[in-house]
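Worksheet for the structure shown next.
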Amino acid sequence: MDNTKIRVRYAPSPTGYIHIGNLRTALYNYLFAKHNHGTLILRVEDTDKERKVEGAVESLISSLKLLGIEYDEGPFKGGDYGPYFQSERLDIYMKYALELVEKGNAYYAFETSEELDAMREKQLADGKQTMYDGKARDFSKEKVEELLASGIPYVIRLKVPRDSEVTFEDIVKGTVTIETNLIDDQILIKSDGYPTYHLANVIDDHLMEVTHIIRGEEWVTSVPKHVLIYESLGWKPPVFAHAPLILNPDKSKLSKRQGDVAVEDYLKKGYLKETLINFLAFLGWNPGEGEEEELLSMNELILKFTLERVHKAGAIFNIDKLNWMNNHYIKEYDLDSIINMSLPYFEKANMDISNTERMRKIISLMRVYVDKLEDLPLKSEMFFTDKVKFAIPEEEEILKTEDSKRIMVSLKREVESVEMITPENFKEIMKKVQDETKLKGKGLYKPVRLALLGSEHGPDLAKVAEILGKEQIISFLNVYI
RNA sequence: GCUCCCAUCGACUAGGGGUUAGGUCACCACUCUUUCACAGUGAAAACACGGGUUCGAAUCCCGUUGGGAGCGCCA
């Protein structure tokens, strides 16, 4: 690598939500750019009029920002290489396409989509590589003029040289070689005058002086076409780095059906941005050699990230580990932030959050128990009900025994005797109840737990009691006296 | 079907000619705790297979098998 400034780009098409895989690509570009004090370009690849979704660009940018991925050049931000929407660069693509035709590296073709579909089907049936048969490849100049003049729709195709091969270097894959006879005469300009991804991508990456193309592995097979375009235009291709795919548990490419793939879905469920970034960074990359810490912040990732350490094989998206990591961050996070982030989930569950001090205690106590913020209200349900719900309904019977009654009576009297419940005095109360009833351990605590929170298991009883408060405790006890 | 890519515990991965093949998640046990969770300690768990090369192969080479991606006037 020479000492020119590193320039990378994240080039999404605005077709809706951000896929987890795309976020990982954006992340790797960001980490690589920051690590090398380079520039991250955001370029919107909106050359498919059919699939374009209104508002997708804005939501994409705000999601990236939320996750801490900031680009240096791009929409709404500017830069010296704009415009950054491909739909605003149409004349540029046409100019180069024409140049390619002029040089004999591209040609006009006149088949309809239907004709091409039929051709493909036949090739598939014959067990051949599907590709354009090259009929229009060698049309005479006169014939092309004539057809063009007649006004029938046309496309411009790349004239791939025959009987040769293309080789390119990829930082993660190594050297990849492919015979040109297997490369399709790719369409460069569609009949609507828009460029295809392949053309627009190559031209923009060159014009925007992109030094490294970092993207998902699904693109490797089209690199030879791109290299051919670079060469035909007399340009030097950038360095390629294709990151391994993120996989479903069945090893197919990560998709809806087998779980969430939209970043927004994870955010909505209360996965923290730190978790998503940290987790995704390690899907296909790791700092290696003696580095055993896996809990890394964005800044630490920037410091350690290199493309050479990107793994080759696909990585399964393991929700268990994601959950573990999120639980870790929820526990470690600044409590006030967690409270602010959690409150909306309680509101959504119609729980009364007006008592801020109480909410603080609840969230502080319960956050250890959840994998994602979304689960907090359900886990905290016992603090928002006036009738205890039993985890195991049969266990309510335990509260109807004589011993239980004695406990309830004694406990009620002690609770009534104090001004207000604190974790400390509740412990003393329990001690007194123990002395009075001569019951201890499970025999004492299980009934109390059941009466107050409906389950034998759960957080520290003294803390639960404090949150419940004197009145609530007495009302729960009364049920069994 | 064709082309390209890939292959270490169940998952993510470290290592990369001589290692007790290491770590993290999950699983199991123990400790802590009135309980659960957390935390801590420990256990179990892998080099796909077959040939080479070599004194020596998980590591290099070839093949097989398995898996994935791509094969659009989508990106």
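We use all heavy atoms of the structure for the numbers below, so side chains are in, but hydrogens, waters and symmetry mates are not. Convention: sequence-line order gives letters A, B, ...; per-chain numbering from 1. Quick caveat: nothing in here was measured; it's all calculated off a predicted structure.
- We find that CZ of A:Phe317 is positioned 13 Å from P of B:U13, with the value rounded to whole Å.
- With hydrogens and angles ignored, a donor-acceptor pair under 3.5 angstrom links the side chain of A:Lys321 to the base of B:U24.
- Across all strands, A:Gly216 comes closer than 4.0 Å to no nucleic acid atom at all (heavy-atom distances).
- A side-chain N or O of A:Ser252 and one of A:Asp250 form a donor-acceptor pair less than 3.5 Å apart.
- Each ring pair (Phe, Tyr, Trp, His ring centres under 6.0 Å) pair with one or both residues in residues 240-260 of chain A, not counting sequence neighbours, appears once here: A:Phe168-A:Phe240.
- Atom pair A:Asn286:CG and B:C25:C1' shows a separation of 15 Å (rounding to whole Å applied).
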Give the B/S/- string for nucleotides 64-75 of chain B, one per nucleotide from 5' to 3', where a protein heavy atom under 4.0 Å of the base yields B, of only the sugar-phosphate yields S, and otherwise -.
-> ---SSSBSSBBB

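- Rounded to whole angstrom, the span from the CE atom of A:Met325 across to the P atom of B:G23 amounts to 18 Å.
- The side chain to side chain contact (heavy atoms under 4.5 Å, CB included) test applied to A:Ala262 returns A:Tyr17, A:Glu264, A:Asp265, not counting sequence neighbours.
- Residue A:His242 is classed as having no contact, given no heavy-atom separation below 4.0 Å to the nucleic acid.
- In summary, the side chains of A:Ser164 and A:Thr180 do not present any donor paired with an acceptor at a separation below 3.5 Å, with no hydrogens or angles considered.
- A centroid separation of less than 6.0 Å is found between the aromatic rings of A:His212 and A:Phe32.
- Base engagement by A:Tyr369 is indicated by at least one non-hydrogen atom pair under 4.0 Å involving a base atom.
- Distances from the side chain of A:Lys173 to the nucleotides B:C5, B:G23, B:A11 place B:C5 closest.
- Shown here are the side chain to side chain contact (heavy atoms under 4.5 Å, CB included) partners of A:Ala109, two or more places apart in sequence or in another chain: A:Tyr107, A:Glu111, A:Tyr132, A:Ala136, A:Val155, A:Arg157.
- For A:Glu395, the salt bridge (charged side-chain N to carboxylate O under 4.0 Å, His left out) test picks out A:Lys446, with sequence neighbours left out.
- Checked by distance alone, A:Gln123 brings no side-chain donor or acceptor within 3.5 Å of a matching partner on the base of B:G1.
- Residue A:Leu182 contributes atom CG, which lies 5 Å from atom C1' of B:U3 at whole-angstrom precision.
- Here A:Leu461 lies in heavy-atom contact (under 4.0 Å) with a base.
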Quick one: what's the B/S/- string for nucleotides 39-49 of chain B, heavy-atom cutoff under 4.0 Å, read 5' to 3'?
-> S----------

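- Using a 4.0 Å heavy-atom distance criterion, A:Arg367 is classed as making no nucleic acid contact.
- Note: CG (A:Asp170) to C1' (B:C6) measures 13 Å, nearest angstrom.
- Spacing between atom CD of A:Glu292 and atom C1' of B:U24 amounts to 9 Å, rounded to whole angstrom units.
- Whole-Å rounding puts the A:Glu332 CD to B:A37 C1' distance at 15 Å.
- If you take NE2 of A:His457 and C1' of B:A37, they are 11 Å apart, rounded to a whole angstrom.
- Judged by distance alone, the side chains of A:Tyr369 and A:Asn327 never bring a donor and an acceptor atom under 3.5 Å apart.
- Judged by the 6.0 Å distance and 45° axis criteria, A:Arg309 is not positioned over the aromatic ring of A:Phe305.
- Within 4.0 Å of A:Pro249, counting heavy atoms only, lies no atom of the nucleic acid at all.
- For the residue pair A:Tyr93 / A:Asp204, a side-chain donor-acceptor distance below 3.5 Å is found, with atom types taken as modelled.
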